[in-house]
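Below is one structure, written out as structure tokens; the observations come after it.
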Amino acid sequence: MDLCQLAIHQAAELLRRREVSSVELTRAVLDRIEKVDSRVRAFVTITEDMALEQAKEADRRISDGTAALLTGIPAAIKDNMCTRGIRTTCSSRMLENFVPPYDATVVERLHAAGMVMVGKTNMDEFAMGSSNEHSAFFPTYNPWDLSRVPGGSSGGSAVSVATDATIYAIGSDTGGSIRQPAGFCSVVGLKPTYGRVSRYGLVAFASSLDQIGPLTKDVTDCALVMNVIAGHDSRDSTSLPYPVPDYTESLVPDLKGVRLGVPKEYFVEGMQPEVAQAIRSATVVLEELGATVDWDVSLPHTRYGLAAYYIIAPSEASANLARYDGVKYGFSVKEAENMWDAMEKTKGNGFGPEVKRRIMLGTYALSAGYYDAYYLKALRVRTLIRREFEEALKTVDALVTPTSPTVPFKIGEKLDDPIQMYLSDVCTLPINIAGVPGISVPAGFADGLPIGMQIIGRPLGEEVLLRVAYAYEQATDWHKRKPPL
Amino acid sequence: MKLSREEVKHLALLVRLGINEEETERFREQLSNILENFQILQQVDTTDVPPTAHAIALENVLREDEPSSSLPVVDVLANAPSQEEGYFMVRAVLE
């Protein structure tokens with residue numbers, strides 16, 4: 001087995017036993033990037049020299065006996081998390097040359113745990129998109145079929161994990177941006193409870209919805225990364241001040257006493273039959289593992305989730321992105337008649353079409369005369385959706401749904417039809433609206449294309465999600481299949 | 001919910017977003033279509049339902065006001081499109 005194919009827990013064991021050095025492991029991952037990235041384009045920046053330096057330092061720590069949980073393990077970071085001295089572009093012309101003077105809290109914690117960073121991954125511009133086609137630089141390609149999208153916006157992170165071009169990756173999820181690409185690429189992706197992981201240093205898109213989480217080769221790795229990145233941070237006042245459990249304790253291979261529910265509204269109109277079938281088959285496996293499955297759970301406001309989300313998220317984005325005025329950092333047009341003209345030209349040339357569309361939509365929803373009918377209405381509907389999850393999760397421990405209504409779609413297929421593109425997140429965005437955690441795990445294939453299963457839990461219920469996901473993974477072997485690259 | 005070209009231009013002006021004629025027409029069409037779809041929200045009875053701004057609410061998050069060092073000015077200005085003597089350079093605001 002090539003070293004790049006290892007999961008974190010396997011690599012960590014080999015490093016601990018000194019059978020492999022971090023430099024060897026890192027070299028194997030960099031060679032893999034060299035081999036596959038020209039075809040899938042997962043990376044915006046590859047930090048080869050820095051990675052090898054960090055690997056040498058990791059090997060020193062391992063021989064000193066001062067190694068931490070992730071010491072010497074290569075990782076890829078989505079390019080919307082600040083990395084000191086390494087450019088952080090958000091896959092936008094606006095930040096193409098932006099070099100942050102500080103690390104995001106997540107990056108700081110991973111460094112403290114001994115991360116070897118191999119690069120920054122491609123994404124939809126400012127995390128706005130579901131296909132990675134909205135990257136201002138180049139699209140990322142799905143390794144299971146290069147004519148299809150990898151999902152988005154953390155498409156580069158998902159592809160880097162799926163192609164063994166990293167051992168694990170970090171992504172961010174505002175309406176499905178970790179889970180949907182994880183499902184489309186057949187890897188594990190967790191969006192934690194809102195506030196579980198600090199957002200400090202994550203370039204803001206929609207601040208009440210954004211959350212950082214891991215993309216990994218298996219559920220054990222997901223728990224390991226969560227052990228490092230979760231927890232309170234005084235620099236993010238929305239981060240939750242509650243203790244972090246050892247998530248690996250949730251990794252037990254049976255589901256005795258676990259109550260699961262399948263909300264019927266998630267089998268939406270237009271859903272691909274193979275996807276619905278895969279989730280039904282998965283529930284049979286979950287029952288065999290000891291769980292009870294309630295098919296009568298109902299979340300009737302689900303159908304309003306898409307509209308509520310696409311008012312709330314763009315509204316917050318239109319405020320957050322007002323900072324890109326060409327004065328403090330980022331792209332700046334100097335040839336202009338006056339200050340206002342410079343600002344208009346800076347934003348007009350610095351932002352791509354989807355970002356502009358959402359800024360306009362958010363501005364509309366927040367503008368005088370429309371605020372009550374759109375923004376405030378969406379926030380009230382948000383309350384109803386949140387309450388509905390609370391209610392449903394009183395009688396069951398977790399909900400099981402498809403991650404996406406279809407398998408990965410063709411590149412270009414939905415690019416000119418925003419509504420169709422938005423619909424690809426219809427199963428994931430209610431979870432961000434409610435602030436609850438959700439994980440996507442590999443649950444099958446249709447004609448060689450991946451299908452993801454989403455498991456949704458109570459606020460701070462990550463342990464239940466990991467338990468269900470782990471037991472399911474142990475009983476199936478979807479996660480062991482590799483894309484034909 | 002049909003937007004006019006003037007409304008689209010007004011929105012762009014509110015956020016100082018430069019858009020050309022072709023974009024104005026495309027956004028007019030797409031935003032009209034999106035807003036039309038979002039009329040579905042008006043079907044929901046939200047009488048007496050309070051708005052949720054943050055799903056996991058924390059109230060009155062306070063901390064000690066402890067002085068600490070800021071980032072070095074030279075690092076912060078390193079990304080500035082235009083700077084002079086330790087300051088960001090901006091265009092004339094009053095003309």
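All values derive from a computational prediction rather than experimental measurement. Residue numbers start from 1 in every chain, and the chains themselves are labelled A, B, ... in the order their sequence lines are given, proteins ahead of strands.
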Determine, stepwise, if the pair B:Gln43 / A:Arg303 fulfils side chain to side chain contact (heavy atoms under 4.5 Å, CB included). CA-CA 11 Å; B:Gln43 300 170 4; A:Arg303 59 192 298 245; 3.7 Å; yes
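- At a 4.5 Å heavy-atom cutoff, the contact between A:Tyr370 and chain B is made by side-chain atoms alone.
- With chain A as the partner, the residue from B:Gln30, B:Glu7, B:Arg63 showing the most heavy-atom pairs under 4.5 Å is B:Gln30.
- Interface remark: B:Val90 contributes side-chain atoms only to the contact with chain A (heavy atom separation under 4.5 Å).
- Between chain B and the residues A:His301, A:Met343, A:Arg357, the largest count of heavy-atom pairs under 4.5 Å involves A:Arg357.
- Of all non-hydrogen atoms in A:Tyr329 and B:Pro81, the two that sit nearest each other are N-CD, 3.9 Å.
- B:Gln39 CD to A:Tyr374 OH: the interatomic distance, rounded to the nearest 0.5 Å, is 4.0 Å.
- Of the two parts of B:Ala92, only the backbone, made up of N, CA, C and O, holds a non-hydrogen atom closer than 4.5 Å to a non-hydrogen atom of chain A.
- Proximity to chain A (any heavy atom under 4.5 Å) is restricted, for B:Leu71, to the side chain, taken from C-beta onward.
- The two residues A:Ala434 and B:Ile56 come nearest to each other via the heavy atoms O-CD1, 4.4 Å.
- Heavy-atom pairs under 4.5 Å with chain A were tallied for B:Asp75, B:Leu58, B:Val61, B:Ile19; the largest tally goes to B:Leu58.
- Looking at A:Tyr310, both its backbone and its side chain come within 4.5 Å of chain B, counting heavy atoms on both sides.
- For a residue to count as touching a neighbouring chain, one of its non-hydrogen atoms must lie under 4.5 Å from one of that chain's; by this rule A:Ile419 touches chain B with the side chain only.
- For B:Leu17, the parts lying near chain A are the backbone and the side chain together; criterion is any non-hydrogen pair under 4.5 Å.
- Judged by distance alone, with hydrogens and angles left aside, the side-chain atoms of B:Arg91 form a donor-acceptor pair with the main-chain N or O of A:Lys334 at under 3.5 Å.
- Residues B:Asn79 and A:Lys328 are not in side-chain contact: their nearest non-hydrogen atoms beyond the backbone lie 4.5 Å or more apart.
- The closest donor-acceptor contact from the side chain of A:Arg382 to the backbone of B:Ala53 lies under 3.5 Å.
- Proximity to chain A (any heavy atom under 4.5 Å) is shown, for B:Asp48, by neither the backbone nor the side chain.
- There is no contact between A:Ala322 and chain B, counting heavy-atom distances below 4.5 Å.
- Residue A:Arg387 touches chain B through its side chain alone, counting heavy-atom pairs closer than 4.5 Å.
- Counted within 6.0 Å of NE2 on A:His232, heavy atoms from surrounding residues, nucleotides or ligands total more than 12; the atom is thus considered enclosed.
- Between the side chain of A:Glu344 and the backbone N or O of B:Leu13, no donor-acceptor pair lies under 3.5 Å.
- In this structure, the portion of A:Ser239 lying under 4.5 Å from any heavy atom of chain B is its backbone and not its side chain.
- Heavy-atom distances place the side chain of B:Leu31, and not its backbone, under 4.5 Å from chain A.
- Looking at A:Asp416, only its backbone comes within 4.5 Å of chain B, counting heavy atoms on both sides.
- Contact of A:Ser207 with chain B is made through the backbone alone, with heavy-atom distances under 4.5 Å.
- Although no hydrogens or angles enter the test, the distance criterion places no donor-acceptor pair under 3.5 Å between the side chain of A:Lys356 and the main chain of B:Glu23.
- Interface remark: B:Gln83 contributes no atoms to any contact with chain A (heavy atom separation under 4.5 Å).
- The distance from atom OG of A:Ser237 to atom CG of B:Leu62, rounded to the nearest 0.5 Å, is 10.0 Å.
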B:Leu35 and A:Leu361: CA distance, side-chain angles, deciding distance, side chain to side chain contact (heavy atoms under 4.5 Å, CB included) verdict: CA-CA 9 Å; B:Leu35 291 167; A:Leu361 186 57; 4.0 Å; yes
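- Residues B:Asn37 and A:Leu306 are not in side-chain contact: their nearest non-hydrogen atoms beyond the backbone lie 4.5 Å or more apart.
- Within the 4.5 angstrom heavy-atom criterion, no atom of A:Leu209 approaches chain B.
- Annotation for B:Ala55 and A:Ile433: closest pair CB-O, 3.7 Å, computed over non-hydrogen atoms.
- Rounding to the nearest 0.5 angstrom, the gap separating the CG atom in B:Leu11 from the CG atom in A:Leu366 is 10.5 Å.
- Using modelled atom types and a 3.5 Å distance limit, the side chains of B:Thr52 and A:Arg386 yield a donor-acceptor pair.
- Within a 6.0 Å sphere centred on OH of B:Tyr87, heavy atoms belonging to other residues, nucleotides or ligands number 12 at most.
- In the displayed structure, A:Arg84 atom CZ is contacted under 6.0 Å by at most 12 heavy atoms of other residues, nucleotides or ligands.
- Within the 4.5 angstrom heavy-atom criterion, atoms from both the backbone and the side chain of A:Asn338 approach chain B.
- With a 4.5 angstrom heavy-atom cutoff, A:Ala365 does not touch chain B via any of its atoms.
- Counting all heavy atoms, side chain and backbone alike, B:Ile34 lies closest to A:Tyr422 at CD1-CE1, 4.1 Å.
- Between the side chain of A:Thr383 and the backbone N or O of B:Pro50, at least one donor-acceptor pair lies under 3.5 Å.
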